[in-house]
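Heads up: numbering here begins at 1 and tracks the sequence. Computed from heavy atoms alone, side chains included, the values below leave out hydrogens, waters and symmetry copies.
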Amino acid sequence: MPPVLLFKKILSFTGFGGWASDKRKARRYVVGHPFPFKTVLAIIGHDSEGRSVQNDQAGVDWAGRLVNLSASGASIQLHSAAPGARGGRCRLSFSRNDYLLTIPGTLAYCRAYPQYRLCGFSFTFPDFETRKAYMQLLEPVSIAASLAPVEASRVKQDTADLHKEQYKSPTAASLTIWRRTRGGPVHKFDFGMNDYGVRWREGMAGVESYGAPPDKRSTPTTVVRLTEAQQIEVRWLYCLAVPNLAKAVPPDIRKLLAKLVA
C-alpha cells in the first residue's frame, strides 16, 4: 500500500530536482516543538528487554521526541530503557489523525544518558513514493529551521513609513516583516516558502496564500493564482513550518505567526 501524502496539489518533488543535488540533502534541521506528528521508533529484532529475537519483524515501539531531521536520516530522544546498537535495524513512524508514514532504517548510534537515550539512524527508502512522502514532511521543517537574519545594512527600506526586516534561508525561503517603527509591533509580513507563500497584515483574521513565479520567488508584489485546493495545502504547509521557526527569528514574530496557525 503506497504511503499517504501530506500534499497532493503542491510539493510534487518530481525527480527531487532541488533536494537531489543541493546541499540541503546533507544538512540536519533542528525540529521545533510541539512537533505536530507523533513519532515512534521500532527497534527491530529485539524484545522489550533488549534481547535479540529470531523474528525479523519483532520489536518494540518507543515513542520519542525528534531532535533533528535530514534528507537521509534523523535522531530521536527515547526512554533510557530503549535498546539498540550501531548497525541494528529500525522503523520510524510519523502519525497524525489518519496520516501514517513508516520508514525503515539502520541505527548509526545509540548513546545512553542518565535520563534518556539518543538514537541516530539512516533511512532506507523502499521506493520513490515513500521518499517523496518523507520529503513533503521534511520540507516545512527545512524552510523554517534554516531562516537566518539578513544584515540590516543589506535590507532595502523601500516602503514609506514602515521599517522592514528580513530572514532568509540558503534556498528560496524568506520571511519579510514590516513594522511601523523599528522594534515596534508587526504591521504585516510575507512568508515565502520556496514556490509558495502566505501574507498577512493588521486587521486580517488569517493568512492569505499565494504562488510565487519561478523566476521571482517569494516576491510580495507578483504572485500566481492558486486553486482552492492549493490554497488549503499552502496554509497547511505554513502551519507545519511555524513550530520549527529558527530561534534567530525574534520571539514576537514567532508568537504572531503561531497565533495565525489555523
Side-chain angles (χ1 to χ4, degrees), residues 1-20 22 24 29 31-32 34-39 69 71 93-103 125-147 169 171-176 188-245 254 256-262:
M1 183 177 178
V4 177
L5 295 176
L6 280 172
F7 305 99
K8 296 179 175 62
K9 303 298 181 182
I10 65 173
L11 304 184
S12 64
F13 292 112
T14 304
F16 303 105
W19 279 104
D22 70 25
R24 286 184 293 175
Y29 300 96
V31 176
F35 189 61
F37 295 89
K38 179 181 179 181
T39 51
L69 293 172
S93 296
F94 301 89
S95 62
R96 177 187 170 91
N97 300 329
D98 58 351
Y99 175 87
L100 175 63
L101 174 63
T102 300
I103 309 171
F125 295 105
D127 49 50
F128 175 86
E129 287 302 315
T130 300
R131 188 181 181 202
K132 176 180 176 179
Y134 174 69
M135 290 301 180
Q136 287 191 346
L137 188 147
L138 176 61
E139 182 75 345
V141 177
S142 70
I143 285 172
S146 60
L147 290 173
S169 77
T171 58
S174 67
L175 174 61
T176 304
K188 63 178 181 177
F189 70 79
D190 183 282
F191 190 2
M193 300 175 289
N194 299 339
D195 294 325
Y196 305 95
V198 298
R199 302 183 293 191
W200 174 89
R201 64 185 305 140
E202 278 183 305
M204 292 176 60
V207 297
E208 174 190 18
S209 55
Y210 67 86
D215 57 340
K216 286 188 176 182
R217 293 182 175 182
S218 305
T219 302
T221 57
T222 306
V223 299
V224 173
R225 281 184 172 276
L226 300 176
T227 65
E228 184 176 353
Q230 288 176 316
Q231 290 180 42
I232 292 172
E233 291 197 356
V234 172
R235 287 194 290 270
W236 178 223
L237 176 64
Y238 167 79
C239 291
L240 294 179
V242 167
N244 299 288
L245 284 168
R254 287 188 272 121
L256 172 62
L257 269 62
K259 182 179 178 181
L260 293 167
V261 169

Decide yes or no for [X] and [Y]: does some side-chain heavy atom of the first lie under 4.5 Å from some side-chain heavy atom of the second?
{"X": "Trp200", "Y": "Phe191", "value": "no"}
{"X": "Ile103", "Y": "Arg131", "value": "no"}
{"X": "Ile143", "Y": "Ser169", "value": "no"}
{"X": "Leu175", "Y": "Leu257", "value": "yes"}
{"X": "Lys132", "Y": "Leu5", "value": "yes"}
{"X": "Thr176", "Y": "Phe189", "value": "no"}

Exercise: identify the closest heavy-atom pair between Val198 and Met193: CG1-CE, 4.1 Å
Nearest heavy-atom neighbours spanning Ser209 and Val234: CB-CG1, 3.6 Å
Around Glu228, counting heavy atoms of other residues, nucleotides and ligands shown, do more than 12 lie under 6.0 Å from its CD? no
Verify the neighbour count for atom NZ of Lys38: are there more than 12 heavy atoms of other residues, nucleotides or ligands below 6.0 Å? no
Under the side-chain contact (heavy atoms from CB on, under 4.5 Å) rule, what do Val4 and Asp98 come out as? Steps first, then yes or no, please. CA-CA 9 Å; Val4 177; Asp98 58 351; over 6 Å; no
Who are the side-chain contact (heavy atoms from CB on, under 4.5 Å) partners of Leu100, not counting sequence neighbours? Ser93, Ser95, Thr102
Aromatic ring proximity Tyr196/Tyr210, centre distance under 6.0 Å: no
State yes or no: are the ring centers of Tyr99 and Phe37 separated by less than 6.0 Å? yes
Donor-acceptor under 3.5 Å ([X] side chain, [Y] main chain):
{"X": "Trp236", "Y": "Leu240", "value": "no"}
{"X": "Ser146", "Y": "Ser142", "value": "yes"}
{"X": "Asn244", "Y": "Ala144", "value": "no"}
{"X": "Glu139", "Y": "Gln136", "value": "no"}

Separation of [Y] [atom2] from [X] [atom1] (nearest 0.5 Å):
{"X": "Leu237", "Y": "Gln230", "atom1": "CG", "atom2": "CD", "value": "12.5 Å"}
{"X": "Leu260", "Y": "Cys239", "atom1": "CG", "atom2": "SG", "value": "9.5 Å"}
{"X": "Asp190", "Y": "Glu208", "atom1": "CG", "atom2": "CD", "value": "9.5 Å"}
{"X": "Phe35", "Y": "Arg96", "atom1": "CZ", "atom2": "CZ", "value": "10.0 Å"}
{"X": "Gln231", "Y": "Ile10", "atom1": "CD", "atom2": "CD1", "value": "11.5 Å"}
{"X": "Leu11", "Y": "Leu137", "atom1": "CG", "atom2": "CG", "value": "11.0 Å"}

Do NZ/NE/NH1/NH2 and the carboxylate oxygens of Lys9 and Glu233 come within less than 4.0 Å? no
